[in-house]
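Okay, so here's the structure we're looking at.
Since the model is a prediction, treat every value here as computed from it, not as a measurement.
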Amino acid sequence: MNVNTYDNAAAIAYAWEWAYGRNPAYADFSDMGGDCTNFISQILFAGGAPMNETPDTGWYYHSLDERAPAWSGVPFFWVFLTTNKGVGPFGHEIPLSEVKPGDVIQLKFAGKDDFSHALLVLTAGTPADAHNITVAAHTDDSLDRPLDTYSYTQARALHIDGARHLR
């Protein structure tokens with residue numbers, strides 16, 4: 001396998017292009033629990049991450065009926081990215097203070113047992129905190145939105161380390 005770097009610039013450009021729209025190549029999950037992780041997956045794909053076609057536990061999208069849970073489900077996405085040793089994107093959890101543009105943040109809200117929203121980091125201060133991070137997201141479509149405008153109980157951050165390709 002060959003590892004390449006995740007292209008933050010391409011990922012962020014995709015987020016700017018599609019934050020307030022829907023790419024017709026993908027289903028819109030807004031009325032099926034939310035489109036946030038679908039949007040983040042599209043961003044990673046645009047950033048150079050190839051799909052992992054492993055049935056059930058991979059990360060891929062071919063159609064609404066032919067996709068991996070990790071493509072559009074918040075907890076499945078986290079598990080895939082943090083445990084993936086095969087083809088596709090991979091990353092690791094980092095403190096919120098270390099996020100950089102192109103990283104992913106997931107939020108947990110009051111009354112929810114698990115994280116249920118995903119955001120792409122567009123800008124972040126040094127050190128980063130909820131007051132100087134801006135994000136892009138779907139479901140409640142947002143672009144360049146300050147993280148501190150969300151009412152959440154917990155945030156976790158995921159640094160995208162890269163993507164593995166077959167040679």
Side-chain angles (χ1 to χ4, degrees), residues 6 8 11-12 14-15 18-20 22-23 26-47 49 51-52 54-61 64 67-86 88-125 127-163:
Y6 171 60
N8 289 343
I12 291 167
Y14 186 94
W18 292 104
Y20 290 120
R22 298 297 185 268
N23 183 332
Y26 302 94
D28 180 357
F29 293 82
S30 296
D31 294 331
M32 296 177 267
D35 198 54
C36 63
T37 303
N38 175 43
F39 182 51
I40 296 299
S41 289
Q42 293 172 42
I43 290 167
L44 294 184
F45 188 63
M51 294 183 190
N52 178 312
T54 307
D56 300 323
T57 61
W59 177 80
Y60 61 90
Y61 178 95
L64 180 60
R67 71 184 192 283
W71 186 272
S72 57
V74 174
F76 300 105
F77 177 88
W78 182 269
V79 169
F80 177 80
L81 267 283
T82 59
T83 63
N84 181 29
K85 304 291 184 215
F90 59 97
H92 69 280
E93 186 171 8
I94 57 172
L96 194 63
S97 62
E98 294 177 13
V99 298
K100 303 276 188 257
D103 288 340
V104 175
I105 294 174
Q106 291 187 335
L107 301 178
K108 184 187 281 189
F109 299 103
K112 299 282 185 175
D113 292 333
D114 206 350
F115 290 84
S116 59
H117 195 43
L119 318 158
L120 181 80
V121 175
L122 296 175
T123 63
D129 64 39
H131 305 293
N132 64 22
I133 295 170
T134 64
V135 298
H138 268 188
T139 303
D140 180 11
D141 294 0
S142 302
L143 181 65
D144 213 23
R145 180 177 173 176
L147 181 61
D148 64 2
T149 64
Y150 287 89
S151 187
Y152 59 92
T153 58
Q154 191 175 349
R156 64 183 178 189
L158 179 65
H159 176 70
I160 309 303
D161 293 316

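- N23 meets the side-chain contact (heavy atoms from CB on, under 4.5 Å) test with Y14, W18, A25, Y26, Q42; sequence neighbours excluded.
- Here the closest heavy-atom approach between residue A49 and residue A163 is recorded as CA-CB, 3.7 Å.
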Can you give me every donor-acceptor pair (side chain of residues 88-100, partner residue at least two apart or in another chain, under 3.5 Å) with its distance?
residue: H92; atom: ND1; partner: D161; partner atom: OD1; Å: 2.9
residue: H92; atom: ND1; partner: D161; partner atom: OD2; Å: 2.9

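- Smallest separation of non-hydrogen atoms from A15 and L143: O-CD1, 4.0 Å.
- Closest heavy-atom contact between A70 and S41: O-OG, 3.9 Å.
- The backbone N or O of A137 sits nowhere less than 3.5 Å from a side-chain atom of T139 that would complete a donor-acceptor pair.
- Considering all non-hydrogen atoms of both residues, G86 and N52 come closest at C-ND2, 4.3 Å.
- Shortest non-hydrogen contact noted between P75 and F115 is CD-O, 4.2 Å.
- Under the 3.5 Å distance criterion, with hydrogens and angles disregarded, no donor-acceptor pair is assigned to the side chains of D35 and S30.
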Under the side chain to side chain contact (heavy atoms under 4.5 Å, CB included) criterion, do F76 and W59 qualify, and how do the steps go? CA-CA 9 Å; F76 300 105; W59 177 80; over 6 Å; no

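- Between the side chain of N132 and the main chain of P127, a donor-acceptor pair closer than 3.5 Å is present.
- A distance of 8.0 Å separates CG in L44 from CH2 in W71, rounded to the nearest 0.5 Å.
- Contact record, I40 with A118: CG1-CB, 3.8 Å, taken as the closest heavy-atom pair.
- Screening residues 68-82 for salt bridge (charged side-chain N to carboxylate O under 4.0 Å, His left out) gives no qualifying pairs among residues at least two apart or on separate chains.
- Note that CZ of R156 and OG1 of T82 are 8.0 Å apart. Values are rounded to the nearest 0.5 Å.
- Within the model, atoms CD of Q154 and CG of D114 stand 9.5 Å from one another, a figure rounded to the nearest 0.5 Å.
- The CG atom of L158 sits 12.0 Å away from the CG atom of L119 when rounded to the nearest 0.5 Å.
- Take S72 and apply the side-chain contact (heavy atoms from CB on, under 4.5 Å) test, not counting sequence neighbours, and it matches F29, N38, R67.
- In this view, F109 and L107, K112, S116, H117, Y152 satisfy the side-chain contact (heavy atoms from CB on, under 4.5 Å) rule, not counting sequence neighbours.
- Surrounding CZ of F80 are more than 12 heavy atoms belonging to other residues, nucleotides or ligands, all under 6.0 Å away.
- Atoms CG and CD1, on L120 and I12 in that order, are 6.0 Å from each other to the nearest 0.5 Å.
- A donor-acceptor pair under 3.5 Å links the side-chain atoms of N8 to the main chain of P101, judged by distance alone.
- Atom OG1 in T123 sits 5.5 Å away from atom CG in D144 (nearest 0.5 Å).
- Every ring-ring contact (aromatic ring centres under 6.0 Å, His included) that F39 has, sequence neighbours left out, goes to H138.
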